[in-house]
Structures are given as C-alpha cells and as structure tokens.
2 protein chains.
Amino acid sequence: MSDEAAWLDDEEMAAWLPLIGLVMRLPGALDQSLRRDVGLSHFEYGVLVTLEYAENQTMRMSDLAFLCNGSLSRLSHVARRLEKDGLLRRYACPTDGRSTLATLTDSGRELLKRAAPGHVQTVRSLIFDELSRDEVRLLGDMARRIVDRIKAL
Amino acid sequence: MSDEAAWLDDEEMAAWLPLIGLVMRLPGALDQSLRRDVGLSHFEYGVLVTLEYAENQTMRMSDLAFLCNGSLSRLSHVARRLEKDGLLRRYACPTDGRSTLATLTDSGRELLKRAAPGHVQTVRSLIFDELSRDEVRLLGDMARRIVDRIKAL
DNA sequence: TCGGGTTGCTTGAGGAATCAACTATTGAAG
DNA sequence: CTTCAATAGTTGATTCCTCAAGCAACCCGA
C-alpha cells in the first residue's frame with residue numbers, strides 16, 4: 001500500500017500546530033478567568049449553564065454529561081462537589097429508578113448571573129473580536145463536523 | 001455603558017458550542033489512541049516530537065514547555081517520568097547554570113518511529129479527511145490568531 | 001416470575017495537572 | 001564586592017480526571 005497519506009504535508013502541519021495550540025490552551029484560559037471570578041472551572045460552569053437552559057432547569061446525569069462533553073464519571077464527581085456547595089441538587093428520577101436528575105438551585109442561578117458577564121467578555125475578547133462574521137460561521141461548521149467524527153469513534 | 005457586547009448572539013452561540021466541544025473532546029481522543037498504541041499521553045508525545053525537530057534534538061526546558069503549550073511545572077513532572085523510562089535525558093546547560101537542557105535518547109527516537117504512523121492516521125481521520133484544502137488553511141489561520149490572543153493574556 | 005443481560009450512576013484507587021513555595025543561578029545597580 | 005531582583009527549574013500538597021468495579025433498577029424472553 002502507498003503510505004503518502006501516513007504523513008502530514010507542510011500545509012497540513014501549518015494548520016495542525018496552531019489547532020493543537022488552541023485545544024491545549026483555550027481550556028486553561030477559560031478556567032483561569034472563571035476560577036478567578038467565581039471559583040469554578042470551565043467544566044463546572046458549563047454544567048450549570050447547560051442546566052439553566054434545560055426544561056425545568058433539570059436534566060438526567062447521562063444527558064448532561066454528553067452535552068457537556070465529559071464522561072459520566074467525571075460529571076458524577078463534579079456534581080458531588082457542586083451539590084456540596086449548594087449550586088445544584090440531585091434526586092432520583094420518578095419514572096426510571098436508575099436515572100438521577102440534576103437541577104439548578106437558586107444559589108446556582110444566582111452564581112450564573114454573577115459569572116456570565118465576565119465569562120462572555122473573556123470569550124469575546126479571545127475569539128469573536130478576532131474573527132469576522134463569515135469566519136465565525138466557517139469555524140463553527142468545521143468544529144461541528146470534526147466533533148461529529150470524534151463522537152463516532 | 002451598553003451591554004449588547006456582553007452576550008453572544010445566535011450565530012456566535014452556534015459556533016461557540018461546537019468549538020467548545022472540539023477543545024474538550026479532541027485531547028481525550030488523541031490521548032486514547034496514543035495511550036493504546038504506545039502508552040503515552042498526547043502531551044508526552046508532543047514533548048518528544050518537539051525535541052525530535054529541535055537543533056541537536058535538544059532544547060531548554062522553558063522553551064520546550066512553551067512550544068508544547070504547557071506550564072514549566074507540568075513539563076518538569078512529565079520529563080521526570082520520561083527520563084525514568086529512558087526516553088529523554090536532562091543535563092545542566094553549560095552556558096547558563098539556571099537552565100536545563102533536555103535531549104532525545106535512542107529509545108525516544110525509536111518510540112517515535114513506532115508511534116508516528118498510527119498517530120498521523122488518527123489525526124487524518126479526525127481532521128484532515130473531513131476538511132477541504134481551503135478549509136484547512138482557514139482553520140489554521142484562525143487557530144493561530146486565537147492562540148496569539150491567549151498567549152498575550 | 002425468574003434469570004440473564006443491559007443501562008444509569010456512584011465510588012475508590014491511582015495517576016496526572018495545578019498552584020504555591022522553594023532553591024539556585026544570573027545580571028545589574030550602587 | 002555586595003545586594004537585590006529576575007530567571008529557570010524542581011518539588012510537594014491539593015485537586016482533579018480516568019478507569020475499573022460495583023450496585024441497583026429495568027427489560028425481556030422463556
């Protein structure tokens with residue numbers, strides 16, 4: 001078999017290195033600003049925001065984990081801490097005894113109100129202030145297609 | 001002050017969610033395939049590859065950390081493990097007693113040879129098989145500009 | 001209604017990342 | 001020459017994530 005596809009050419013390399021830089025540095029940058037402002041990691045913040053936009057601000061742990069791009073185990077650990085801090089509450093699902101439902105508490109809602117402006121400001125200054133409208137669309141589209149491939153693994 | 005810039009509109013949100021998905025899921029996907037194939041995390045692999053392409057396959061710890069998108073502390077811990085496994089060697093810089101130089105060993109080179117094809121295959125199937133030539137250029141360019149902003153924090 | 005298999009979630013152990021504190025060397029100012 | 005700040009790197013404590021194991025509830029065919 002030919003192995004030309006087994007290596008990255010110069011153009012691919014010139015895109016790959018910055019892309020790796022992005023995926024390695026962005027989470028840390030978001031963590032830092034959220035940690036400083038409200039004491040949450042970006043993953044924790046994402047969990048709360050996802051709940052905020054859910055029906056009844058409530059969601060099954062499994063679905064929440066998937067939407068937040070994390071493992072169920074990771075979410076379980078995180079939910080324990082967030083629950084200890086009073087930001088969310090968990091209770092057994094009435095219709096399926098295996099499931100656990102997580103819901104946002106008032107403290108959780110209130111914390112999101114405090115956190116959102118600073119976080120949006122960070123995201124804007126790092127991403128959207130740098131890109132044109134067309135680029136934003138393009139980037140989102142490419143990211144979505146790549147994520148679909150990762151999910152399909 | 002107006003706060004319209006304090007929120008993301010629909011188009012921005014439609015790009016932001018997949019982008020977050022990408023940065024949260026890609027590292028795990030790369031880790032998994034490398035861990036399975038050669039027992040290294042993607043960060044560890046990146047450290048070795050970066051050394052491979054350096055002058056004399058040798059680099060200062062600080063510079064290595066920066067190029068690998070990690071903290072010096074993280075690199076220090078990782079280098080200790082890699083050195084214990086015989087994949088790299090560290091020694092004091094002759095011209096500046098504060099610096100430490102890291103260099104690839106023969107085992108390190110050999111491991112890279114074994115790891116590269118599978119890793120490239122993974123990257124290709126997740127990223128480059130999905131994108132057109134133009135998209136690759138665009139994506140790399142956008143990523144580079146965003147990373148520059150993160151570095152400037 | 002019983003048994004086997006699956007699903008949803010939690011837990012504990014182990015390893016890895018982060019943060020702050022520390023040592024050591026260098027460079028520069030007085 | 002001495003001091004003081006800045007730089008480079010390591011280390012230890014804490015926090016966090018992953019993985020494998022476990023448990024309970026559900027589903028379904030016999």
Side-chain angles (χ1 to χ4, degrees), chain A residues 23-36 38-47 51 58-85 88-103 153, chain B residues 23-36 39-47 51 58-85 87-103 153:
Chain A
V23 304
M24 304 216 57
R25 301 186 106 116
L26 186 53
L30 300 176
D31 275 347
Q32 214 159 8
S33 96
L34 277 167
R35 191 70 81 182
R36 171 169 44 71
V38 293
L40 290 182
S41 71
H42 179 250
F43 183 74
E44 292 167 329
Y45 176 83
V47 167
L51 280 181
T58 298
M59 200 176 292
R60 277 201 336 156
M61 292 287 284
S62 301
D63 301 334
L64 190 50
F66 185 78
L67 275 177
C68 291
N69 304 294
S71 69
L72 180 55
S73 171
R74 180 179 186 181
L75 176 62
S76 184
H77 286 298
V78 164
R80 179 172 42 72
R81 293 169 227 149
L82 293 178
E83 193 168 33
K84 178 168 64 61
D85 294 345
L88 62 75
R89 209 163 18 100
R90 281 180 294 179
Y91 57 93
C93 173
T95 70
D96 185 338
R98 290 167 300 182
S99 301
T100 301
L101 301 178
T103 189
L153 277 182
Chain B
V23 304
M24 305 220 43
R25 301 185 107 115
L26 186 53
L30 300 177
D31 275 347
Q32 214 160 8
S33 97
L34 277 168
R35 190 71 80 182
R36 172 170 42 73
L40 290 182
S41 71
H42 178 251
F43 182 74
E44 293 167 330
Y45 176 82
V47 167
L51 280 179
T58 297
M59 201 176 293
R60 275 199 340 154
M61 291 288 284
S62 299
D63 301 333
L64 189 51
F66 185 79
L67 275 177
C68 292
N69 304 294
S71 70
L72 183 52
S73 171
R74 180 178 187 182
L75 176 62
S76 184
H77 286 298
V78 165
R80 179 172 41 72
R81 291 168 227 150
L82 294 177
E83 191 168 34
K84 177 168 64 62
D85 294 345
L87 300 173
L88 61 75
R89 210 162 15 105
R90 281 182 293 180
Y91 56 93
C93 174
T95 70
D96 185 339
R98 291 167 299 183
S99 300
T100 302
L101 301 177
T103 189
L153 279 183

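Below, chain A is the first sequence line, B the second, and so on; all start at residue 1.
Following rounding to the nearest Å, B:L75 (CG) and C:dT18 (C1') show an atom-to-atom distance of 14 Å. Atoms CD (A:Q32) and P (D:dC16) sit 15 Å apart, rounded to a whole Å. In this structure, A:R36 atom CZ and C:dA20 atom P are separated by 13 Å, rounded to whole Å. The distance between atom CZ of A:F43 and atom P of D:dT15, rounded to the nearest whole Å, is 19 Å. Protein atom CE of B:M24 is 13 Å distant from nucleotide atom C1' of D:dC16, rounded to whole Å. Atom CE of A:M61 is separated from atom P of D:dA24 by 18 Å (rounded to the nearest Å). Computed from coordinates, the B:D96 CG to D:dA6 C1' distance equals 12 Å when rounded to whole Å. Rounding to whole angstrom units, CG of residue B:D31 and C1' of D:dC19 are separated by 14 Å.
Not one side-chain nitrogen or oxygen of B:R74 sits closer than 4.0 Å to the OP1 or OP2 atom of C:dA16. Dashed line: the shortest gap from a side-chain N or O of B:R80 to OP1 or OP2 of D:dT10 is not under 4.0 Å. For A:R98, no side-chain nitrogen or oxygen approaches OP1 or OP2 of C:dT6 to under 4.0 Å.
For A:R25 and B:F66, the positive end sits near the middle of the six-membered ring, less than 6.0 Å away and at most 45° from its axis.
Defined by atom type and a distance below 3.5 Å, a donor-acceptor pair is present between the side-chain atoms of B:R60 and B:S99.
Which of D:dT11, D:dA8, D:dT18 sits closest to the side chain of A:S71 comes down to D:dT18.
Within the 3.5 Å criterion, the main-chain N or O of B:L87 finds no donor-acceptor partner in the side chain of B:D85. The closest donor-acceptor contact from the side chain of B:Q32 to the backbone of B:A29 lies at 3.5 Å or more, if one exists at all. Remark: the backbone N or O of A:R80 is not paired with any side-chain donor or acceptor of A:E83 at under 3.5 angstrom.
In terms of position along DNA chain C, the nucleotide closest to A:L72 lies nearer the 5' end than the nucleotide closest to the other residue of the pair A:L72 and B:R81. Sequence order on DNA chain D of the closest nucleotides to A:G97 and A:V78 puts A:V78 first from the 5' end. Both A:G28 and A:R90 lie near DNA chain C, and the one whose nearest nucleotide falls closer to the 5' end is A:R90.
You'll find a donor-acceptor pair under 3.5 Å spanning the side chain of B:S73 and the base of D:dT11, going by distance alone. Judged by distance alone, with hydrogens and angles left aside, A:H77 brings a side-chain donor or acceptor within reach of the base of D:dT18, the pair sitting under 3.5 Å.
B:S99 comes within contact range of the sugar-phosphate backbone alone, with a heavy-atom separation under 4.0 Å but no base atom that close.
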